[in-house]
Amino acid sequence: MSQLTPDYLLIQIFNGLVNGGFYALLALGLSIIFGMLRIVNFAHGTMYMLGAFVAYYGAQEIHLPFFAALIVAPLVVGAFGLLLEVTLLRRLYGLDPLYNLLLTFALVLVIEDLMRLVAGALGSPYETPAMLAGATNLGFTEYPTYRLFVIVVSVIVCAAVYVIIERTQLGAKIRAATEKPDLTRAFGIDTSRLVSATFAFGVALAALGGVLAAPNTNVQPTMGDSVIINTFAIVVIGGMGSILGSIVAGFALGVIAAVGAVLFPPIANTLIFIVMVLVILFRPAGLFGKPERAA
């Protein structure tokens, strides 16, 4: 316990914010897709993995710079998500949500096996961009510059998405198209295009998280599996479909898990789920969620 100095705990808080950034981006995409489309997208972690691989193969094959990959990978994976929505998921709207869950789970198995054939089971490292290499003096310690970059980008993206969804006319159209599609069509709005674009955007957020994670981990076919379960728990804690809840819970649970792992290591892998159980017991709709009204 002698190592638990204030400076060491501050480092763990920053580490938690880094992981929280990944969780927040993934949870945000999941919440947009579920809140607007009522789809439980089990393949969301796979899209996170594909984003990392687009960045990796972009760098290997065409020397795609990291900062360009931050834009290109979400666009590529978002387009792939759009294709999945138009060709597969759209056929299941109106049916029991279990069909969407089973379909997206099947996509996980198929896509991961394909990536194993292409990239191998172990994957490969992705080099940290030279501009972000090294460490930055925070006053109390030297902290990796790239990790600080992840925190800043995650916060900016999450804040921008929140404003777009909750405070703009486009966000109002998206909410209207999913809550009152018939009424929205009466105003001349193409709801099918709006729904497709919403799904693609949610998937693109997951891909962005994958690109940011690539220099921080090994790019491998199963990298999405290690974060998606925690992400689902975070979405439940924040409130299913709650944009603000996903952002706050993502960053908060990242910090709680990192600090908790230092204070009491045996609960490191279960702390998020302990919090989820407590939230379900005392606030079933989540911290920021609203109870569903009976029809």
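Because the structure is a prediction, the values reported are computed rather than measured. Values below: all heavy atoms of this structure, side chains included; hydrogens, waters and symmetry mates excluded.
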Notebook entry, point to check: Rounded to the nearest 0.5 Å, how far apart are CG of Leu88 and CG of Leu83?
Noted result: 7.5 Å

Next item on the list: Please report the closest heavy-atom contact between Ile256 and Leu271, naming both atoms and the distance.
Entry: O-CD2, 3.2 Å

Margin query: Can you tell me how far apart CG (Leu253) and CD1 (Ile234) are? Round to the nearest 0.5 Å.
Written below: 5.0 Å

Next item on the list: Can you establish whether the number of heavy atoms outside Glu142 located under 6.0 Å from its atom CD is more than 12?
Entry: yes

Next item on the list: Fit a plane to each ring of Phe14 and Phe140, take the angle between them on a 0 to 90° scale, and name the class: parallel (under 30°), tilted (30 to 60°) or perpendicular (over 60°).
Entry: tilted

Notebook entry, point to check: With distance as the sole criterion, is a donor-acceptor pair present between the side chains of Asn230 and Tyr23 under 3.5 Å?
Noted result: yes

Next item on the list: Evaluate the ring planes of Phe66 and Tyr126, with Trp represented by its six-membered ring, and classify them as parallel (under 30°), tilted (30 to 60°) or perpendicular (over 60°).
Entry: tilted

Next item on the list: Could you verify whether a donor N or O on one side chain and an acceptor N or O on the other, from Gln220 and Tyr56, lie under 3.5 Å apart?
Entry: no

Item checked: Nearest-0.5 Å distance, OH of residue Tyr143 to CG of residue Leu138 -> 8.5 Å

Check: Does some side-chain heavy atom of Leu82 sit less than 4.5 Å from a side-chain heavy atom of Phe199?
Finding: no

Next item on the list: Please name the pair of heavy atoms, one in Cys158 and one in Ala24, separated by the smallest distance, quoted to 0.1 Å.
Entry: SG-CB, 3.9 Å

Check: Any donor and acceptor pair, going by atom type alone, linking the side chain of Thr104 with main-chain N or O of Asn41 inside 3.5 Å?
Finding: no

Notebook entry, point to check: Looking only at heavy atoms, which two atoms of Val211 and Ala73 are closest? And how far apart?
Noted result: CG2-CB, 3.3 Å

Next item on the list: Give the cluster check for Val110 versus Val54: same hydrophobic cluster or not, with ILVMFWY residues linked at side-chain heavy-atom distances below 4.5 Å.
Entry: no

Notebook entry, point to check: Taking Thr168 for the side chain and Gly171 for the main chain, is one N or O donor matched with an acceptor at less than 3.5 Å?
Noted result: yes

Next item on the list: Report yes if some heavy atom in the side chain of Met115 is under 4.5 Å from a heavy atom in the side chain of Leu50; otherwise report no.
Entry: yes

